[in-house]
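Not measured: the values here are computed from a predicted model. All values below were derived from every heavy atom in this structure, side-chain atoms included, with hydrogens, water molecules and symmetry-related copies excluded.
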Amino acid sequence: MLTGIIISALLVGGTGIFIGIFLGIAGKKFAVEVDEKEVAVRAALPGNNCGGCGFPGCDGLAKAIAAGEAPVNACPVGGDPVGKKIAAIMGQEASEGKRMVAFVHCIGDCEKTTDMYQYDGIHDCGMMQYVPTGGPKSCRYGCTGYGNCVKACPFDAIHVVNGVAVVDKETCKACKKCISACPKHLIGLVPYDAVSHVACSSKEKGKPVMNACKAGCITCRKCEKNCPEKAISFDINTPVINYDKCSNCGLCVENCPRKCIL
């Protein structure tokens, strides 16, 4: 009886020792090498996993930075502070990045536009392509105000105010989620310190615009003619500001008779 117990104990113990040795050898043989820089970069990233950098989350960005496939300041959420920290990890000089924020190129709120009919369907911006005139608002190019961008923003930086989405630039992290969520492509990134922004995206001109919105661009081109830096051009009746040329003089704002440049 005692002999059987001893034999069983030896067998169990021996099996355990064998398995331990086997796992130890296998662990060393099949071990995945860890890039210490990648681990350090990942620890420096904020961990929002917003995808604003263009990579699949913070893990993807950390791997790309460690491999030299992405700049050290690629994280829009972390901004310059995180960029400098990662630059130190990678042994690089941190270049000063220009802070960007989202801006909604529409000012057609409930006071400047009218409803052509009563809409009782699903309040979803994407659904408007299936309803007459792209939604009940008199301007078919403007913000529908149903807040797909609001739902997409992970930082609570955009809200619908009086029928139009408005970005809080102090809270915005330029993750581009709202840009992807807007089916009318009304949202873009602009420099944080820029003072002039075109708040209209209509492709019409003249009387049709005046009938649709009290603040819509009528393509008078006064902004373009009065810009001393030649920083304004037109894309299918819509003014576009070249922020690399813009000196923030504000003359485009002063000369716009429709007040659609803010």
| said: Check for me, please, whether Val164 and Leu262 land in the same ILVMFWY cluster - side-chain distances under 4.5 Å, paths through other members count. | reply: no

| message | Are more than 12 heavy atoms, taken from residues, nucleotides or ligands other than Glu111, located less than 6.0 Å from that residue's CD atom? | response | no

| message | Taking the side chain as everything from C-beta on, heavy atoms only, tell me whether Val150 gets closer than 4.5 Å to Val160. | response | yes

| Asn48 side chain to Cys50 backbone, donor-acceptor under 3.5 Å | no

| query | Does the side chain of Ile86 reach to within under 4.5 Å of the side chain of Lys84, using non-hydrogen atoms? | reply | no

| field | Sidechain-backbone polar pair: Asn248 side chain, Val195 backbone, donor-acceptor under 3.5 Å | value | yes

| field | Cys256 side, atom SG; Ile232 side, atom CD1 - distance, nearest 0.5 Å | value | 9.0 Å

| query | Atom CZ of Phe55 and atom CG of Leu45: how far apart are they, to the nearest 0.5 Å? | reply | 11.5 Å

| Under 3.5 Å, is there a donor-acceptor pair between the side chain of Asn49 and the main chain of Cys58? | yes

| Of all heavy-atom pairs between Lys184 and Arg140, which one has the smallest distance, and what is that distance? | NZ-O, 2.9 Å

| task | Check for a donor-acceptor pair, side chain of Thr171 on one end and backbone N or O of Ala157 on the other, with a separation under 3.5 Å. | result | no

| field | Steps toward salt bridge (charged side-chain N to carboxylate O under 4.0 Å, His left out) verdict (Arg42, Asp59) | value | CA-CA 6 Å; Arg42 177 62 186 87; Asp59 288 343; 2.6 Å; yes

| said: Whether the side chain of Lys137 engages the backbone of Cys143 through a donor-acceptor N/O pair (distance < 3.5 Å, no angle test) should be reported. | reply: yes

| In terms of heavy-atom contacts, does OH of Tyr130 have more than 12 from other residues, nucleotides or ligands at under 6.0 Å? | no

| field | NZ-SG distance between Lys173 and Cys153, expressed to the nearest 0.5 angstrom | value | 10.5 Å

| Interatomic spacing from CD in Glu254 to NZ in Lys259 - rounded to 0.5 Å | 8.0 Å

| request: Find the distance between OG1 (Thr144) and CG (Leu186) and round it off to the nearest 0.5 Å. | output: 8.5 Å

| Donor-acceptor contact present, side-chain Ser138 to main-chain Thr114, <3.5 Å | yes

| message | Main chain of Gly135, side chain of Tyr117: is a donor-acceptor contact present, judged purely on distance under 3.5 Å? | response | yes

| task | Run the numbers on Met210 and Ile218 for side chain to side chain contact (heavy atoms under 4.5 Å, CB included), then give the verdict. | result | CA-CA 7 Å; Met210 298 178 73; Ile218 56 175; 3.6 Å; yes

| request: Give the cluster check for Ile179 versus Phe103: same hydrophobic cluster or not, with ILVMFWY residues linked at side-chain heavy-atom distances below 4.5 Å. | output: no

| Would you say the side chain of Pro257 lies within less than 4.5 Å of the side chain of Lys222, judging by non-hydrogen atoms? | yes

| note | Between His105 and Gly188, the two heavy atoms sitting closest are CD2-N, 4.0 Å

| task | Side-chain contact test, heavy atoms from C-beta onward, threshold under 4.5 Å: evaluate it for Asp235 versus Ser233 and give yes or no. | result | no

| said: Is any side-chain heavy atom of Met116 closer than 4.5 Å to one of Pro136? | reply: no

| said: Minimum heavy-atom separation for Ala74 and Cys53, please, with both atom names. | reply: O-CB, 3.5 Å

| Quick one: does Cys223's side chain get under 4.5 Å of Asn255's, heavy atoms only? | no

| Linked, directly or transitively: Leu189 and Ile158 (ILVMFWY side chains, under 4.5 Å) | yes

| Are any of the side-chain heavy atoms of Ile65 and Met90 separated by less than 4.5 Å? | yes

| Is the number of heavy atoms from other residues, nucleotides or ligands within 6.0 Å of NZ (Lys169) greater than 12? | yes

| task | Determine, for Tyr141 and Lys203, whether the Lys NZ or Arg CZ falls below 6.0 Å from the six-membered ring centre while staying within 45 degrees of the axis. | result | no

| query | Within a strict 4.5 Å, meaning less than it, do heavy atoms of the Asn242 and Lys245 side chains meet? | reply | yes

| request: Evaluate the criterion side chain to side chain contact (heavy atoms under 4.5 Å, CB included) for residue pair Met128 and Tyr119; output intermediate values, then yes/no. | output: CA-CA 10 Å; Met128 293 303 100; Tyr119 174 70; 3.3 Å; yes

| said: Do Val198 and Val190 sit in one hydrophobic cluster, given that two such residues count as connected whenever their side-chain heavy atoms are within less than 4.5 Å of each other, even indirectly? | reply: yes

| Under a single-linkage definition using a 4.5 Å side-chain heavy-atom cutoff for Ile, Leu, Val, Met, Phe, Trp and Tyr, are Ile107 and Ile241 assigned to the same hydrophobic cluster? | yes

| task | Please name the pair of heavy atoms, one in Cys172 and one in Arg99, separated by the smallest distance, quoted to 0.1 Å. | result | O-NH2, 3.6 Å

| field | Salt-bridge contact Glu224-Lys230 (side-chain N to carboxylate O under 4.0 Å) | value | no

| query | Is a side-chain donor or acceptor of Thr238 paired with a backbone partner of Ser202 at a separation under 3.5 angstrom? | reply | yes

| remark: Shortest non-hydrogen pair, Asp124 vs Asn148, comes out as OD2-ND2, 3.3 Å

| request: Grab the two heavy atoms, one from Ile187 and one from Cys149, that are nearest each other, plus how far apart they are. | output: CD1-CB, 3.9 Å

| task | Give, for atom SG of Cys217 and atom CZ of Arg258, the distance between the pair rounded to the nearest 0.5 Å. | result | 9.0 Å

| message | Would Arg221 and Phe234 count as a side chain to side chain contact (heavy atoms under 4.5 Å, CB included) here? Give the steps. | response | CA-CA 8 Å; Arg221 294 183 180 267; Phe234 275 74; 3.3 Å; yes

| field | All ring-ring contact (aromatic ring centres under 6.0 Å, His included) counterparts of His123, not counting sequence neighbours | value | Tyr146

